[in-house]
Amino acid sequence: MGCTNSHGIEKSVIEYPFASIEKTVIPLTEDQIKIVRETWDIIEPHKKEIGVNVYVRFLSMNPTLKASFPDFKDISVDEINQRNSHPRRLMAAIENSVNSLNDVETFTEYVTELGRRHSRYSLKPTKAYFRDLEKAFLRSLKDHLQSCWRVEVEESWVRLFNFMACIMLKGLSSKT
């Protein structure tokens with residue numbers, strides 16, 4: 001299975017073999033991990049607000065999906081706020097991933113399990129949904145980071161987000 005970035009950064013197109021967790025390598029350089037962690041330190045105090053912004057953008061791009069989220073189905077997109085659980089869970093998943101970047105086994109097990117949990121829902125995330133979620137996430141980060149945003153920051157977050165999406169899709173399709 002190969003996952004690629006459709007965000008327009010051609011040099012971050014990566015193939016992931018997934019023969020086993022032991023052979024999985026987090027595809028970020030040490031510099032990229034440092035960039036992700038440094039920008040996460042800026043983002044972290046505002047993660048609830050950013051999570052809301054991500055879902056407002058994502059569901060605006062995919063309005064038919066709103067009804068698939070119990071948190072959102074009875075409210076307008078403009079009413080999504082910090083009390084809704086899915087934006088918080090998304091940002092917790094990002095935070096857990098950032099915190100385990102130097103431990104491929106913990107990282108992979110966590111994100112694989114996240115995919116498995118999503119397999120119980122009627123809406124199964126697809127590569128297309130992840131591409132839109134990535135766009136919404138990156139736009140929200142860029143808006144928040146403003147002057148700290150540069151090509152290296154975007155490339156680092158794109159690599160992390162794509163890797164998370166690939167592992168989650170693997171978990172989604174696993175039988176265990």
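Start at 1 with the first residue, then count along the sequence. Every value quoted in this text rests on a predicted model; they were computed, and no experiment measured them.
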Handout entry: Main-chain N/O of L28 paired with R159 side-chain donor or acceptor, under 3.5 Å
Key = no
Practice task
Supply the atom-to-atom distance M168 CE to L114 CG, rounded to the nearest 0.5 angstrom.
Solution key: 4.0 Å
Handout entry: Co-membership, hydrophobic cluster, residues M61 and F161, 4.5 Å side-chain
Key = no
Exercise for the section: Examine distances only and state if a side-chain atom of E79 and a backbone atom of S76 form a donor-acceptor pair shorter than 3.5 Å. Expected result: yes
Fill in the blank from the handout: Rounding to 0.5 Å, atoms CD1 (I167) and CD (E113) come to a distance of 13.5 Å
Exercise for the section: Please report the shortest heavy-atom distance between S140 and I50, naming the atom on each side. Expected result: CB-CG2, 4.0 Å
Problem - From OG1 (T64) to CG (L59), nearest 0.5 Å - result: 9.5 Å
Problem - Backbone N/O of Q82 and side chain of R88: donor-acceptor pair under 3.5 Å - result: yes
Problem - Check: E105 main-chain N/O paired with T108 side-chain donor or acceptor under 3.5 Å - result: no
Problem - Non-hydrogen side-chain atoms of K142 and L138 separated by less than 4.5 Å - result: no
Practice task
Report yes if the side chains of F137 and F130 come closer than 4.5 Å at any heavy-atom pair, otherwise no.
Solution key: no
Problem - Check: R37 and I33 side chains under 4.5 Å, non-hydrogen atoms - result: yes
Exercise for the section: Could you tell me whether the side chain of N81 and the main chain of R83 form a donor-acceptor pair under 3.5 Å? Expected result: yes
Exercise for the section: Taking the side chain as every heavy atom from C-beta outward, state whether Q32 and I26 have any pair of such atoms under 4.5 Å apart. Expected result: no
Exercise for the section: Mind listing the closest non-hydrogen atom pair of G51 and M91 along with its distance? Expected result: CA-CG, 3.6 Å
Handout entry: Common cluster, I94/I42, ILVMFWY with side-chain heavy-atom separation under 4.5 Å
Key = yes
Exercise for the section: Would you give the length of the straight line joining atom CG of D31 to atom CD of E155, rounded to the nearest 0.5 angstrom? Expected result: 12.0 Å
Exercise for the section: Would you check if the side chain of Q146 reaches a backbone N or O of D143 as a donor-acceptor pair within less than 3.5 Å? Expected result: yes
Exercise for the section: Show your working on side-chain contact (heavy atoms from CB on, under 4.5 Å) between V153 and C148 and close with a plain yes or no. Expected result: CA-CA 8 Å; V153 172; C148 296; 5.9 Å; no
Completion exercise
Here the gap from T39 atom OG1 to K34 atom NZ, rounded to the nearest 0.5 Å, amounts to 12.0 Å
Practice task
Kindly give the heavy-atom pair with the smallest separation between A93 and Y110, and that separation in Å.
Solution key: CA-OH, 3.2 Å
Handout entry: Flag side-chain contact, heavy atom, 4.5 Å: N84 against V52
Key = no
Exercise for the section: Verify side-chain contact (heavy atoms from CB on, under 4.5 Å) between W157 and E134, making sure each step is shown before the conclusion. Expected result: CA-CA 9 Å; W157 279 102; E134 173 191 3; over 6 Å; no
Problem - Sub-4.5 Å side-chain heavy-atom contact between N99 and E95 - result: yes
Exercise for the section: Kindly indicate whether the side chain of F58, heavy atoms from C-beta on, has any atom under 4.5 Å from the side chain of L65. Expected result: yes
Problem - Check: E44 and K47 side chains under 4.5 Å, non-hydrogen atoms - result: yes
Problem - Joint cluster assignment, Y55 & I75, ILVMFWY side-chain distance < 4.5 Å - result: yes
Exercise for the section: Could you tell me the separation between the CG atom of L141 and the NE2 atom of H46, rounded to the nearest 0.5 Å? Expected result: 12.0 Å
